[in-house]
Amino acid sequence: MKLKLTLCWIFLFIVLAAFLEWARAYHFFFCGTVPVVPVNAGLSGRESIVAGRIGFVVIRMAGSIFAVPLAGPAIVAGLLTATGIFTRAILKRIAPGIVCPACYLLPGVFLLFLHFNFNYLAQGTVAYILMLIALWGTCVIEHEGIRLITGLVVTPVLFWLAGPVALLYAVCWSMYELLNRTPRGWLSLLACVEVVCIGIAFFYRGFVGNYCLAFLPDSYYQPGIDPKPVLYFAWLCLPLLCCGALLLRKRQFPSGRIQPVGSGLLQVAVLAVLLYTGYHRYGDGRSYNLKTIDYYARREQWDKVIEYAGKLEDNYLYLCYLNVALAARGELAERMFHYNQANVSGLAVAWNKSVHVSMLLSNIAFVMGYTTTAQNMAFEAYVSALGEGNPRMLKRLV
């Protein structure tokens with residue numbers, strides 16, 4: 001049975017990695033522009049406190065690997081598979097008799113949608129996995145007193161290492177104790193009090209700008225940008241799954257052959273509809289063309305940039321890449337008007353102080369030979385990046 005289960009998880013990992021490579025390979029290449037991690041970075045810094053120290057360092061160190069083919073999809077597929085494994089372990093601990101693979105995969109499906117969004121910080125998934133491990137490790141402790149002490153100790157440690165996801169841990173663990181009617185189970189609510197006190201202290205110490213960053217998954221999203229509702233789905237579904245498992249744990253289910261087959265087909269259908277709908281809604285397909293063009297431009301494959309961007313011509317950013325490629329080939333004056341040049345923004349878009357527009361303007365100025373402007377925009381992109389800078393612009397500055 002364990003071998004069969006292991007093979008199922010391996011199969012899921014392979015299928016998921018292959019799908020991500022096929023559907024969004026250039027998205028992960030684009031994610032390779034995440035900030036660099038200095039050799040002496042360690043576990044320090046305000047950003048690591050806000051977004052979770054462990055996840056912050058792990059993802060920042062793995063960021064450069066995203067530029068390697070297959071690496072990005074494999075890393076994300078591994079994280080999502082781990083989410084399913086530990087979600088199953090928790091639900092099976094609560095209700096061993098319930099078999100519902102769709103429920104095990106549900107948090108990972110919602111996190112998958114988030115990984116299609118470039119504004120989502122992948123350390124949020126690492127923090128979520130740490131929370132699942134902590135929750136499972138707490139629930140498997142049989143002795144009530146030891147479990148209570150463990151939960152109260154784990155909560156602040158988890159907040160320090162993984163960020164606001166500690167609140168999700170505290171809520172799920174409190175539900176486990178209360179719905180199980182554990183003697184003195186109400187003391188588990190002290191874990192929620194701990195998180196609230198720590199979050200308020202962080203707010204007044206200036207580590208977070210508002211309470212959403214202290215208690216909600218907003219901390220795992222690019223600051224200054226309003227998150228999409230899908231950011232909260234994985235956080236909402238876990239307490240609901242735990243609550244459902246706790247309420248149904250003593251119910252007897254029929255064990256006939258028809259019922260498991262029908263239940264399995266229904267779960268597959270629900271997951272298929274959810275994946276199809278979510279992929280088209282949250283797959284960020286509108287920006288995928290830009291990520292593809294950026295990949296070719298980064299590697300100075302100008303012929304492919306011209307071929308790809310020349311077919312679009314409906315966006316100033318595409319036109320900027322197209323004209324940069326023509327300039328790099330020494331063909332700008334001869335061929336620029338072979339394409340629909342809407343206005344001067346096709347040569348250089350207006351600077352909006354964002355990291356990616358700053359990088360694009362630096363590249364334009366560099367190809368055109370305006371070294372001072374290229375250096376200025378590279379510096380703006382470097383200091384605007386979340387964290388310790390931007391590797392592409394650091395190379396430009398050097």
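Numbers for residues simply follow the sequence, beginning at 1.
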So how far is it from [X] [atom1] to [Y] [atom2], rounded to the nearest 0.5 Å?
| X | Y | atom1 | atom2 | value |
| --- | --- | --- | --- | --- |
| E334 | L326 | CD | CG | 9.5 Å |
| T81 | F13 | OG1 | CZ | 6.5 Å |
| T277 | F113 | OG1 | CZ | 8.0 Å |
| L246 | M175 | CG | CE | 6.0 Å |
| K291 | H356 | NZ | NE2 | 9.0 Å |
| Q267 | Y104 | CD | OH | 8.5 Å |

Shortest non-hydrogen separation from [X] to [Y] and the atoms involved:
| X | Y | value |
| --- | --- | --- |
| C242 | I90 | SG-CG2, 4.3 Å |
| I129 | A82 | CD1-CB, 4.0 Å |
| L132 | T83 | CD1-O, 3.6 Å |
| F159 | P164 | CE1-CA, 4.1 Å |
| D226 | Y221 | O-CE2, 4.1 Å |
| S358 | W351 | OG-NE1, 2.8 Å |

Taking C-beta and beyond as the side chain, do [X] and [Y] meet within less than 4.5 Å on heavy atoms?
| X | Y | value |
| --- | --- | --- |
| I198 | W160 | no |
| L91 | I98 | no |
| Y211 | I200 | yes |
| F28 | L70 | no |

Exercise for review: Would you please say whether a donor-acceptor pair under 3.5 Å links the side chains of N363 and R396?
Suggested key: yes

Review point. Does a side chain donor of either D294 or Y321 reach within less than 3.5 Å of an acceptor in the other side chain?
Key: yes

What donor-acceptor contacts under 3.5 angstrom involve side-chain atoms of residues 231-238, with partners at least two apart or in another chain?
{"residue": "Y232", "atom": "OH", "partner": "D218", "partner atom": "OD1", "Å": "2.8"}
{"residue": "Y232", "atom": "OH", "partner": "D218", "partner atom": "OD2", "Å": "3.1"}

Revision key, fill the gap. Of L111, N117, L112, the one forming a side chain to side chain contact (heavy atoms under 4.5 Å, CB included) with L114 is L111

Starting from [Y], can I reach [X] by hopping between I/L/V/M/F/W/Y residues whose side chains sit under 4.5 Å apart?
| X | Y | answer |
| --- | --- | --- |
| V305 | F337 | yes |
| V109 | V15 | no |
| L7 | V268 | no |
| L275 | V76 | yes |
| L16 | F11 | no |

Could you tell me whether the side chain of [X] and the main chain of [Y] form a donor-acceptor pair under 3.5 Å?
| X | Y | value |
| --- | --- | --- |
| N210 | L213 | yes |
| R24 | G283 | yes |
| T155 | G151 | yes |
| Y220 | A127 | no |
| S219 | F215 | no |
| N376 | T372 | no |

Review point. So, Y296 versus Y26, ring centres under 6.0 angstrom or not?
Key: yes

Point to revise | Sub-6.0 Å ring centroid separation between F19 and Y279 | key: yes

Report, one line per pair, each donor and acceptor closer than 3.5 Å where one atom sits in a side chain of residues 133-141; sequence neighbours left out.
{"residue": "T138", "atom": "OG1", "partner": "A134", "partner atom": "O", "Å": "2.8"}
{"residue": "T138", "atom": "OG1", "partner": "Y169", "partner atom": "OH", "Å": "2.7"}

Check your understanding: L317 and I293: side-chain contact (heavy atoms from CB on, under 4.5 Å), yes or no, with the steps?
Key -> CA-CA 10 Å; L317 294 174; I293 297 171; over 6 Å; no

Practice item. Assess whether side-chain contact (heavy atoms from CB on, under 4.5 Å) is satisfied between C8 and L12, documenting all intermediate values. Key: CA-CA 6 Å; C8 287; L12 176 65; over 6 Å; no

Practice item. Could you pull out all residues at least two apart from Y370 that satisfy side-chain contact (heavy atoms from CB on, under 4.5 Å)? Key: A365, M368, T373

Point to revise | Those residues that, when tested against R335, pass side chain to side chain donor-acceptor pair (under 3.5 Å) (two or more places apart) | key: E331, Y339

Practice item. Apply side chain to side chain donor-acceptor pair (under 3.5 Å) to Y288 and list each qualifying residue two or more places apart in sequence or on a separate chain. Key: none

Practice item. Tell me, with the steps shown, if H280 and Y276 meet side-chain contact (heavy atoms from CB on, under 4.5 Å). Key: CA-CA 6 Å; H280 286 280; Y276 179 83; 3.3 Å; yes

Check your understanding: Step by step, would you call Y128 with L168 a side-chain contact (heavy atoms from CB on, under 4.5 Å)?
Key -> CA-CA 9 Å; Y128 197 91; L168 182 58; 3.7 Å; yes

Exercise answer: donor-acceptor pairs, residues 177-191 side-chain atoms, under 3.5 Å, sequence neighbours excluded:
{"residue": "E177", "atom": "OE1", "partner": "R147", "partner atom": "NH2", "Å": "3.2"}
{"residue": "E177", "atom": "OE1", "partner": "T182", "partner atom": "OG1", "Å": "3.0"}
{"residue": "E177", "atom": "OE2", "partner": "R147", "partner atom": "NE", "Å": "2.6"}
{"residue": "E177", "atom": "OE2", "partner": "W173", "partner atom": "NE1", "Å": "2.9"}
{"residue": "N180", "atom": "OD1", "partner": "R249", "partner atom": "NE", "Å": "3.3"}
{"residue": "N180", "atom": "OD1", "partner": "R249", "partner atom": "NH2", "Å": "3.4"}
{"residue": "N180", "atom": "ND2", "partner": "Y176", "partner atom": "O", "Å": "3.2"}
{"residue": "T182", "atom": "OG1", "partner": "E177", "partner atom": "O", "Å": "3.3"}
{"residue": "S188", "atom": "OG", "partner": "G185", "partner atom": "O", "Å": "2.6"}

